[in-house]
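Okay, so here's the structure we're looking at.
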Amino acid sequence: MDPPPRRPAAPLLLLLLLLAASSPAARAWKKDEFRNCNQTPFCKRARTRAPHSLDAPLSLAAGSLSVSPDGSISAELSHPSRPRPLVLRLSALPPHALRLQIDEDYSAATPLHRRFHVPDVLLPDLEARTLHLPEPKTAAGVSTVALSSDLDVVVKHDPFELTVRRAGSGDPVFSFNSHGLFDFEPLRESKPEDETWEEHFRSHTDKRPRGPQSITFDVSFYGADFVYGLPEHGSTSLALRPTRGPGVEESEPYRLFNLDVFEYLHESPFGLYGSIPFMIGHGARASSGFFWLNAAEMQIDVLAPGWDGATTLENGRIDTLWMAEAGVIDAFFFVGSEPKDVVKQYVSVTGAPAMPQQFATAYHQCRWNYRDEADVDGVDAGFDEHDIPYDVLWLDIEHTDGKRYFTWDHSAFPNPEEMQRKIANKGRKMVTIVDPHIKRDGSFHLHQEATEKGYYVKDANGNDYDGWCWPGSSSYPDMLNPEIREWWADKFSYESYKGSTPTLYIWNDMNEPSVFNGPEVTMPRDALHYGDVEHRELHNAYGYYFHMATADGLLKRGEGKDRPFVLSRAFFAGTQRYGAVWTGDNSADWDHLKSSIPMVLTLGLTGLPFSGADVGGFFGNPEPDLLVRWYQVGAFYPFFRGHAHHDTKRREPWLFGERRTAIIREAIHVRYSLLPYFYTLFREASVTGIPVMRPLWLEFPYDKETYNNGEAFMVGSSLLAQGIYEEGQKSVSVYLPGKESWYELRNGSPYKGSVSHKLQVLEDSIPSFQRGGTIVPRKDRFRRSSTQMVNDPYTLVIALNSSNAAEGELYVDDGKSYDYQQGAFIHRRFVFADSKLTSLNIAPDNLGKKKFTSDCVVERIIILGLRSGAKKAIIEPGNLEVEIELGPVSLRSGSSPVAPTIRRPNVRIADDWRIRIA
C-alpha cells in the first residue's frame, strides 16, 4: 500500500488507513515498497568497487602492533586521504576466538558525533575473559601473533590484511580484506558544498545530517563447502546461495534490516523481521564462524567462485562481502574442530538461551482474534471435548481497549482475571499482545506519562516522533535508554496491568519497529535516540531492547522467581537470553511449509533455539491436507503454535472432519509424549547453546550428503524427521546419515544408515526415526495440559546400535522457577551396555543448597533392536524380577506389539539403579 501521510489525519482518513493496513491484499508483499541494493547508496557504492583496488581510501596501511596492558594488541590504520586514522584492536577469547575492533581515532580532537557501539548485547564479563596475547613477531612487513596453541593471527601491514591460520600447517581458516575491499567512510563535521547527503526513497527523505558513514570489507572462509546463517530471510535452502558471480541469477545481497513484511516471499534474500549478522562456514576439513556486532542495516554478498575474475579457483574457499550503513567494526572470528564448537563460542559471547518454563514447550493456540470471553471458553472446551491437549491460549490486539496496550475491551472481556483463572484451573496459561507503539491519546495514562517524562524516540527535529500503527497516531518508547526500559518493565506489575494474573504471559509484535507510514514501513533513519544516536545506527536492535524490557518486566512481576515467557517477532544477537521468536506472517501454502524448516534451523544455528513457524500459515486458508501436514511438522518445532489472520476461516484442530481431527490429535500427542525429551534438550541449549532442532550436519559433520539438506532435520541427537512438502505426494526419499541403524518412531522398523530410503507417504504421519545408540524419555499418558502430566510415569525407548549399546539423558526440575540455578533439579544419564540399563546421576554437586526430587517412576522400557529372546529382567538393588514381553512402540490405537518391553519396573527417576536382562 502507498504510505499514508505522517501527520495526524482526520478521523475518516484514519479509519481508511487502518482498514487498508489490516487488509491482506493491501499488506501483501509489494516489491516496490522496499529498497533494493541499487536504491541503497552505501550498498550500491560498495558493490561497484573492484577487488584489489589501490584507490583511496581502500588501501589502508597498518602501523606497528603493540601489546596493551589489558593483553590486547593495537595498531593504527591510516591513509593520507583520511581526516583521521583508524584504531585497530585485536584480542583473544578462549578457546579459539579472535575479536577485531576498528573505530575512528578521536584522540586528536573531540568530534561532534562519535560512532555507535551497540550496548548490552555482549556478556558483561567478556573483557574479564580476554586472554593476554604475546608480543607479535614482525618480518618483511608481516606480523604474526599466536592466538592459541594451534592458531596464529597474521597481519600484513601494507595494504592491511588479516589472516587466521593453523599454526602447524599454515593453512588459512579466515582472511579479512584479502581482496582489498575494506572501506571505512569517515564521519565528517560538515557537508562539502559539492556533495548531497540527502537520500530519497518514494515519498520519503532521509536528511542524513552526519553524511555517509558506511563500512565494507571482505571475509573469506577456507575449508568451507557451504556457509549458513544470516537470519532472517525466506528460503527453501539451508545453505546460503551465492548472490554474485558466474552463474548467479539472483543479484540481491542478503539484507539484514528488520522490517514488517506481510506475506513474505518464501524464496528471497530480502530481510524480514529479525537480523543476526552471524555466518557459519562448514566443510569436511573445517568449521568456523564470523559475527559482526553492528545494529545498522547490513547487506552481505556470498560470492560465487570466479566472482573476482580469477581463472584459477581455490577449492574450499568461500568469499563474502559485508556492507553496513553505519557503526563500527566489532567482529569475532570463531574456529572449531566441529560446528558445535563454533555455536558454543558464539553463545559464550552473546549469552546462553533462557531456560523456558515447561508449559512454553507444549502446544499454543492463537488467532487474530478470539472475539470475547465466550469465544475463549468455547475454544478451551473444544480442546477438551476432542481430547486434544494444549497449554496456552493467546489474545491478539482486539482484546484491548482501542489498541491501548495493558488494557482490556471491557465489553468483550469484562472479567479478564476470572477468565484467566478458569483457564489456569486446567493447568493452562494465557498470553496477551503488547506492542511498542503507544496510542497518542491525551486520556491514555501511558501516553501521558511517556510524554511528560520525555521517554519517546524523537524525530530529526527533536520532537516526539509521531508515526502510524494499529492505534493510529502513535509514538515509540526509546528502548535504548536503560531508564526507559526500567520504566517499561514496571508496567507489567499487577498494579499497573489491571486484569493480569500470574498465569498471563506476553507477546511482543510489530517491534521492528513497524510504522505503517514510515519509509519501508519502519521508523525513519534520522530519528533520534538516547545519547544522540540516530535510528539508522541501532535499528536492528530496537526490537531486542523492547523484548529485553518486557522480559525484565515479567521477571520483576514474579519477584525474580518466575521464568518469563515472552515471544518476540523482531530479534537480534542476544535475543536468546530473553525468550522465543517466530518466523512472522507466513502464508498457508506448501512452499511456506517447506521454507519453515531452513528458517527455524538457521535461527537455531545463530543462537535462537526457541523458535517456530505459525502452523497452518498466518495468511490465507490452508487446504485441510496442508494443515494436517503442517501439524505433523510443527509437532517437532521448538516453538509449537497454531495462528491465523482474522480474515481467514476458523481453523481449530477439530473443524476439518473426524479423520483429520484424529490425525492432528495424533500429531499433538506425539509432541506431548516427547515433552520430557524436549525439555531435556532445552536444558542442553540453555547451557551450551546447541539448538533443539538441528541440521543433520550438526550431528554428522563429516557426511557431505547432509550439508545442504534443508528438508530433514534432527531433534536433539536422537530423532530425525522429514516433512511432506508437496500436495498429493505418494513417495518421499529420506537420507538417514551415519553408520548405525535408525528405527521408525511409529513401529520400530529398522532402516540402514548412510542410505537414502524411498518411502511410501502415509496420511497419518511423516517420516520420523530414532537413531541407533540413543535412549529417549517419553510420557505416554495424555492429559489436558503438560502441567497435569507432571506426576505421570515415564517410558524409556532404547534404540540399540550395532554394539547393542545406547545412552540418553533426562533433565527434570520444577518447570517454572529459577531454583534449578541453585541445584534443584534431577539430571540422569541412562546407559545400556552388556545387557544392562544403568541410571547415573550427572548433576554437579556444587551448584547450591536447594534440592528437587520426584516420585515419578519408569513404567515401561521399550528396547528396539534387541536380538535375544529374553523373558525376564532383574532390577538392582533388590534383585526384583520383572517380565519382558512384546509391546507396541507407540500407544496409538491399532499399534501392534512388536518390541521387547519391560513393563512396570517402577524404578524412580531420581534414584540410581540397574536393570539387567536375564
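The figures that follow rest on heavy atoms only: side chains count, while hydrogens, waters and symmetry mates do not.
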Fill in: Presence of salt bridge, E699 and R771, under 4.0 angstrom
yes
Worksheet entry | Presence of salt bridge, K872 and E883, under 4.0 angstrom | yes
Practice prompt. State plainly whether the residues D792 and R783 are in salt-bridge range, i.e. N to O under 4.0 Å.
Written response: yes
Discussion item. Does R904 have more than 12 heavy atoms from other residues, nucleotides or ligands lying within 6.0 Å of its CZ?
Written reply: no
Fill in: Check ion pair D391-K429 (N to O, under 4.0 angstrom)
no
Item to complete: First locate atom CD of E744, then atom CZ of F769, and finally report the distance between them rounded to the nearest 0.5 Å.
Response: 6.0 Å
Item to complete: Before accepting this row, confirm whether a basic side-chain N of the pair D819/K561 lies closer than 4.0 Å to the acidic partner's carboxylate O.
Response: no
Item to complete: Assess the side chains of Y228 and Y707: does a donor N or O sit below 3.5 Å from an acceptor N or O?
Response: no
Worksheet item: Would you call K426-D384 a salt bridge at under 4.0 Å N-O?
Response: yes
Fill in: E809/R828 ion pair, N-O < 4.0 Å
no
Worksheet item: Mind checking whether F639 and F610 have parallel, tilted or perpendicular rings, split at 30° and 60°?
Response: perpendicular
Worksheet entry | R908 and E859 ion-paired at < 4.0 Å | no
Discussion item. For D780, is there an ion pair with R778 - N to carboxylate O distance below 4.0 angstrom?
Written reply: yes
Worksheet item: How are the rings of F700 and W742 set to each other: parallel, tilted or perpendicular (split at 30° and 60°)?
Response: tilted
Item to complete: Mind telling me whether Y505 and F359 have parallel, tilted or perpendicular rings, with 30° and 60° as the class edges?
Response: tilted
Worksheet item: Can S817 and D814 be counted as having a side-chain donor-acceptor contact under 3.5 angstrom?
Response: yes
